[in-house]
Structure formats: C-alpha cells, structure tokens
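The block underneath contains the structure these notes are about, expressed in structure tokens.
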Protein chains: 2
Amino acid sequence: MAPRSNETKQRILDAAEKLFAKEGFAGVTVRQIMREAGADVALAYYHFDSKRDLFDAVLMRRADHMNDVRHAALDAVEQRHPDDAPSVQEIIEAFTQPLLKLLAEDHDTWRDYFALIAQINNSPQWGGELMTRFFDPLVRRFMDAIRRAMPEADDVDLFWCYHFLSGALTLTFAETGRIDNLSQGLCKSNDMSAISERLPGFIAAGFRRICDPA
Amino acid sequence: MAPRSNETKQRILDAAEKLFAKEGFAGVTVRQIMREAGADVALAYYHFDSKRDLFDAVLMRRADHMNDVRHAALDAVEQRHPDDAPSVQEIIEAFTQPLLKLLAEDHDTWRDYFALIAQINNSPQWGGELMTRFFDPLVRRFMDAIRRAMPEADDVDLFWCYHFLSGALTLTFAETGRIDNLSQGLCKSNDMSAISERLPGFIAAGFRRICDPA
DNA sequence: AGCCTAATTCAACGTCCGTTGAAACGCAAC
DNA sequence: GTTGCGTTTCAACGGACGTTGAATTAGGCT
C-alpha cells in the first residue's frame, strides 16, 4: 500500500495531542483518541507500541522545531552583539517571542501542543523529569546569556527568576480562559500579541530588580 | 457509634488530596485512595456521593482558611494606610505571603493542597471555571487595591500582570522538582523562604514597569 | 494475473473501573 | 440485654479499559 500510513499516523497524533492537552494523559482513552481520529482502535497499537508511547510521540513530534526557533532567536541576538553583551530584555525576548510568534501565526497547529507542554511543566509527576530532558540545553544557554548580561548576579537569584518566568509562560500556554472570566472579556487567553507586548518587559524588570539591584 | 466517622472522613480526604495532587483527578482510582486511607472502597461512597464529589470536598476543605488568611493580610495593609494608598509591593505581599507562610510553617499539611490548586489553575478543563468560583472575590479585591496604588494604570495591563503573577505563583505551588534539576541542587522546589524573599519584589517591579511607566 | 507487504479491520482477552445493596459490626440509650 | 443507628465490610454489577492475534484489504512489483 502507498505510504498512506503516514497520513493516518499524523491524524492519530493530532487527535491525541488535542485530547491529551485538554484532559491529561490519564484523562483520555485510547478509544477516544481513535474515535476522534476516525480510525480503528487497533491502529493505535499498529503505529505505536502503547498509550504511553503514543504520548511520547506527541511530545517528540514538535519538540525539535520548538527548540530550533528559540536557538535561532538566541543566535540572532548574539550576532547582533559580537562585542558587547545583549540586554536582559533582548535575551528574554529571544526566549519567549519565538514561541508566542508560533502561537500567534499558526494557532491551530500549536495551541494544543503548548497547552500540553504547559500541563507537563506544571505537573509534579512529570514536570521535573520530562522538562529537564526536553529543554535543559536551551535553558542552560539562556541562563548563560543572562549571566553575561548581569555578571554580578547571584546564581540562586537567577534560577528563581527563571522559575518565575517559566511559570508566567506556562500559564499563558495553558489558555485556561481564567483571565477571560476575571476580566469579564477585556482580555482573551489566546491573545498572544497582548502577551508579546507585556511579558518580556514585565520579566526583564523582575530580573533586574532581583539580580541586578545596582 | 461515636463520631469515629469524622476521623475516617478526614483520612479519606487526606489520601485523596495527596493522590489527586500528584496524578490529577483522572489519574487516580477510588480504590487507590481507599487503599492509601486504609479503608474499604465502599466507605468512599458512604461518606461522599461520588468520586467527583470527593474531589470537590477535597477542594472545599481548606478553601475558606486559604481565603481568610489572604483577606486578613489585605485588611492589615489597609489598616496600615488609613489615608494614603499602600505601595504595589505591599499589596502583592499581602496576596502572596500568607500562602507562602502557610507552606513554610506547615508544609506537610498544605503542600498537596496547593499542588492540587496549581494543577487546577493550569488546566484548560477546570482552570477557567473552578478558579473563578473559588478566588474571584479575593482577586477582585486585590485588583482594586492595586488600582488604587496605580491610578493611571490601564485595566488590560493590570489583568495581564495579574496573569503573570498567577503563573509564577502557580508553578511555585506545583513543586515539580524542575528547578532542583536545572540548578543541580542549588535551589529546592520546596524552599518557600527563597520564594518569599524574591517573588514580591520581582512581581512588583513587573507591575510598575508595565502599568506605571512614570 | 498473482504475489508480497504494509495498512486496516474485527472480535476478543483479562483486568480494573465507579458504584451499589445487603449484611455485619459497635456503641448509646433504655 | 435488647433495640436502634451510624459506621464498616463483603461481594458483586455492568461497563470500559489497554492490548492483542488473526483475518481482511489495497496497492506496487514481476
């Protein structure tokens, strides 16, 4: 048969991504996923070894591209500053804007994936391990850049500030609708440009306040 | 029989709190909960109507006290400033420190509950609705106080800044161990005094940067 | 036309799920 | 010491779970 298989595989991954993002790993049934994908249950086990394996495949599918755009943004910042150190805000923008731009420009493709990442990052059972596996190289590079921008900063301060940044970004990706309710429609969870305009400045000010009291 | 019942009920709630916090509503089985509580499965349905009802009871058990300590902290700030407006940082401290203090002083009691709240706040399926039900009155009061501290601020800016604050706090409560790995032991997820010393300053600087550029 | 292989369907397995009804227990009051 | 009631146990229900093996389909190759 022609490589129709890949088309089906992607449909399964799409369905799994959507459902896992909304209800979590345990909250979703393989049967639900395959109903959403419009395929027989057994096909899940032909294309993937197990439910857990399918979950990992969902995570891996977009991980490289996600990391690539962020590395590219950090590359660009460093090329812009061959001699001096970039500002804290520039570095934070390189860390956050590529993802916000993906979400803004292709929301349908990325919304569920980011919501899933957000859920994992916030989960006591998977947050510690999975996030470390996926994002440590990028985050270490980001931390190094920040360190060069604030040479006097204490490492403990830097890690905690990164933690606050990570939290703010995570809740953004979750798109829970909470801010819609709270603001009574004034703000929308999926308004990525509203975030883009505010998050880097907010976070950069926090970093400077804690790590660079000069 | 003597009111032994309440003791059992609390043991069930403790077990449910612990497991729901770690694995989420769907990731936990009533049988698991009752095994952890050391009681028969059927007792869950004698004391509560359903698994979902047990989940709600877990949430309700500590909700009032959680809100009380925060309202009291806001009361104290307002009494300290009968005529002028408190500073942004004072208000943010009233919003965050009561919870961080609960966690620091009685970690075993509150860790799982806060981790559960964090999970819910970050969840697309429950975050919007449950958080609104639980926390809206307090958050609105907090927003009003902030508004008085920065009368020129735009409401949209304020809501987004609150969103960043909520995210940073939420990831803190999740205690995922991520920062332990990233910092290679330099920082601990459960070090609430490290958070207490940094979070309010970080967030206050962000608020001022976005909402009060003067 | 006939074969090979990859893709898909179908039916089922053993297990565990949330939930329930009826029976047994233990203490207080009479 | 019997009655009564709140609590706890036991055994089971129908259904859904993750997973599998065998049968079926659909092209690409000779």
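Computed from a predicted structure; not experimentally measured. We name chains A, B, ... by the order of the sequence lines, and we start the count at 1 in each one.
Following rounding to the nearest Å, A/Q10 (CD) and C/dA7 (P) show an atom-to-atom distance of 13 Å. At whole-Å resolution of the value, CG in B/L54 and P in C/dC17 are 15 Å apart. The separation between B/M34 atom CE and D/dC10 atom C1' is 14 Å, rounded to whole Å. Here the C1' atom of nucleotide D/dT19 and the CZ atom of A/F55 are 19 Å apart, to the nearest Å. For the pair A/R31 CZ and C/dA11 P, the interatomic distance rounds to 14 Å; values are reported in whole Å. Counting to the nearest Å, the C1' atom of D/dT20 and the NZ atom of A/K51 are 17 Å from each other. Across the protein-nucleic acid pair, B/R52 atom CZ and C/dT19 atom P stand 12 Å apart, rounded to whole Å. Atoms CG (A/N6) and P (C/dT8) sit 10 Å apart, rounded to a whole Å.
Each of A/D40 and A/R35 was matched to the nucleotide of DNA chain D holding its nearest heavy atom; the match closer to the 5' end belongs to A/R35.
For B/T29, counting side-chain heavy atoms from C-beta on, the closest listed nucleotide (C/dC17, D/dT19, C/dT8) is C/dC17. Distances from the side chain of B/Y46 to the nucleotides C/dG18, C/dC10, D/dT8 place D/dT8 closest. The side chain of B/Y45 lies closest to C/dT19 when the candidates are D/dT8, D/dT19, C/dT19. Minimum atom distance to the side chain of A/L43 is reached by C/dT9, of the listed D/dG18, C/dT9, C/dC17.
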Practice problem: Could you please spell out the steps behind the side-chain hydrogen bond (donor to acceptor under 3.5 Å, both in side chains) verdict for A/H107 and A/E175? | Solution: CA-CA 12 Å; A/H107 196 245; A/E175 295 193 22; 3.0 Å; yes
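A close approach under 4.0 Å does occur between a side-chain nitrogen or oxygen of A/H47 and OP1 or OP2 of C/dT8.
Ionic pairing of A/R147 and A/D144 is present here: one or more N-O contacts between side-chain nitrogen and carboxylate oxygen are shorter than 4.0 angstrom. Between A/D56 and A/R52, at least one side-chain nitrogen of the basic residue sits less than 4.0 Å from a carboxylate oxygen of the acidic one, meeting the salt-bridge criterion. Look at B/E36 and B/R11 and you find no salt bridge, because none of the NZ, NE, NH1 or NH2 atoms lies under 4.0 Å from a carboxylate O.
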